[in-house]
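These notes concern the structure reproduced below.
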Amino acid sequence: MYFCYKNDVLFWLEADLNKLCLEIETLLENKYRYNGPYYVYHADILRKRLQLTAKTLPKSRFFYSVKSLSNIHILKIIKEYENFGLDVVSEGEILRGILADFEGKDIVFAGVGKKRSEIIFGLEKNIKSFHVESIEELKKIAEIALSLGKTASVALRVNPNIEADTHEYIKTGLDENKFGLSSNEFTLALEIIRESSSLNLNGLQTHLGSQIKDSKPYKDALALLVNLAGIVKEKLSKPVDYLSLGGGFGIDYESSLKDITANDFSLKEIADYELYKNSEYQIDFEPGRFISGYSGILVSKVLYLKEKKDFIIAVVDSGMTDLIRPALYKAKHPILTVKKRNEAKAIYDIAGPICESSDYLAKKIELTELKQNDRLAVLHCGAYASTMGSNYNSRPLAPEFLIEEDKVILIRKPQSLDEMLTLEISANKA
Ligand SMILES: Cc1ncc(COP(=O)(O)O)c(C=O)c1O
C-alpha cells in the first residue's frame, strides 16, 4: 500500500509525512524565506514503476517522456535503467537529458513544431531519431542535415486515425488532430526519404493520446505499424530498426489508500498479444505518466475556510499554477489530510488562490475536519503537475523535494520573487 494512516498521521510507504513536511518547511522558511506549496517525489515509487514496466515488457525499450516530470534529478534515476532513454519535445528537454548524463543515442525528439535551431541542436548531439510529424518538417530536417554535412536519423510519426477513450484534450491519434502524418503524407515521405542523401529512416512511431486504460487501440496501432513497416521494406529495400507505440498508459487517479496499481493500464495485455510476442521488429514505448504519476505529491496548506449551506470551501495556498489538470481537464486527484484532527467528516471544495473561477483542486470531496494551516497532500502529482506550472498571477514556481532512502533532498529551489522578475528588470539595462 502506498499511503496509509498510522495514529492519524499520513504515511507514504515508510515516510511519516507530517514529520517530513515539518523538516521541509523549516528549511524553506529559514534558508529561502519561502512558505508556499511544494512537491515531494518518492524515489522508491519511481524505481518500482521503472522496474515493473521493464519487467513486464522485457523485449521493449522505453523512452521516458520528459514532459511528464522533467527535473534533472528525476532523469538521473531514469538513467539507472539501461533499457530507458528519453522522449523529448524541445531543445530544453534535450539539455535536461544531457545534464542527467544521457547520450544523444538515447534520445528521440518528438513534437509538431521543431524550430531550426532545435533541429541543429539535435543533429549536433547525434540524437537517435527525429520523430517527424509533417512533410515540411521532413524537408527542413533534410536541408539542415545536408548543409551540416550530416545524415539525420528520422522516424515517421503516423497518425493512426484510431479512437482512444480519453479526454478530448489529450487525444492525439485521430485524423483531425494536429499530430502525425496521414496515409497520403506517409507515402510522400517515403519518396522524399528515398531521394534524399541526408535522411536515414530508422523507425515508425505513433501515439494515441494520454491516460488510456484499454489495450485494444495499442494492439490496433501495432498491427498498423507492422503493415506500414512492410511497405517501407518494399519501397526502400531496407527494414526499419524499430516501431514505437508512443506513451499514454493510464494510471488510477481514483484510489488513494488502496494498492493503486490494480486499476492501471495492463502492460500484461500487450505482453501477451501475439503480434507483440512474435514481432520481428524491436517495439518501443514512450511512457510518461505511467512511470512518474504516482511518484509525486503536492503539499498545500489551508489558508481560509468559508462555510456554505451544504459544504465548506477550503481556500488553499496552491492552485492551477502548481496543478492545472483539474482546471484544464476536470481531472481528479485524491486529496488527504496529512494529520487528521478527528474523525468528524465534512464535504469540501478545495479552492486555489488564483483569480480564475476554474481554480479548484477538487470539488465536493469528503475530508476530516480542516482548520487554518492544516496540510493537504494532493496525490498522484508526479506527472503533468510541476512541469505544467506557471507564474500566472505572478506567483513563483514551487520547490521540489525527493525522498531518497530515509532522507529528503531539495531538488529544485523555490523561485524567489527577484528571480521571477529579473528578466523584466534587467531587460533595458546594458
Ligand atoms: C509522442 C508522445 N509520446 C509520449 C507521451 C507521453 O504520454 P504519457 O505521459 O501519457 O505516457 C506523449 C504525451 O503527450 C506524447 O505526445
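Note that ligands are numbered from 1 as they come in the structure, with each ligand's atoms numbered from 1 the same way.
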Just which atoms of ligand 1 are under 4.0 Å from any heavy atom in Pro287? 11 (O)
Evaluate side-chain hydrogen bond (donor to acceptor under 3.5 Å, both in side chains) for Lys268 paired with Ser266, printing each intermediate quantity in order. CA-CA 5 Å; Lys268 178 97 177 33; Ser266 165; over 6 Å; no
Using the ring-ring contact (aromatic ring centres under 6.0 Å, His included) rule, collect all pairs that involve residues 262-283, keeping only residues at least two apart or in two chains. Tyr218-Phe265, Phe249-Phe265
Please say whether Arg289 places an N or O atom under 3.5 Å from an N or O atom belonging to ligand 1. yes
Please list all pairs passing the salt bridge (Lys or Arg N to Asp or Glu O under 4.0 Å) test where one or both residues lie in residues 234-246, with sequence neighbours left out. none
Give the atom numbers and elements of ligand 1 that come within less than 4.0 Å of a heavy atom of Gly288. 8 (P), 9 (O), 11 (O)
Would you say ligand 1 has an N or O under 3.5 Å from any N or O of Ser210? yes
Any nitrogen or oxygen of Gly248 lying under 3.5 Å from a nitrogen or oxygen in ligand 1? Just yes or no. yes
At the 4.0 Å heavy-atom cut-off, does His131 count as touching ligand 1? no
Begin from the C-alpha positions of His207 and Phe179 and carry the test ring pair (Phe, Tyr, Trp, His ring centres under 6.0 Å) through to its verdict. CA-CA 9 Å; His207 175 74; Phe179 299 101; 7.6 Å; no
Considering the heavy atoms of Glu286, write down every atom of ligand 1 situated less than 4.0 Å from one of them. 1 (C), 2 (C), 3 (N), 4 (C), 5 (C), 6 (C), 11 (O)
Go through ligand 1 atom by atom and flag the ones less than 4.0 Å from a non-hydrogen atom of Asp87. 2 (C), 3 (N), 4 (C)
Quick check: does Arg157 get an N/O under 3.5 Å from an N/O on ligand 1? no
Non-hydrogen side-chain atoms of Leu46 and Ile291 separated by less than 4.5 Å: yes
Short side-chain to backbone donor-acceptor contact, Glu419 and Ser416, under 3.5 Å: yes
So do Ile120 and Leu148 actually touch side chain to side chain, heavy atoms under 4.5 Å? yes
side-chain contact (heavy atoms from CB on, under 4.5 Å) test vs Phe401 passes for just one of Leu28, Ile297, Ile411, namely Leu28
Under 4.0 Å from a heavy atom of Gly247: give me the atoms of ligand 1 that qualify, with their elements. 3 (N), 4 (C), 11 (O)
Taking 4.0 angstrom as the limit and counting only heavy atoms of Tyr384, give me the atoms of ligand 1 inside it, by number and element. 6 (C), 7 (O), 8 (P), 9 (O), 13 (C)
Touching ligand 1 at all, Phe179? Heavy atoms, strictly under 4.0 Å? no
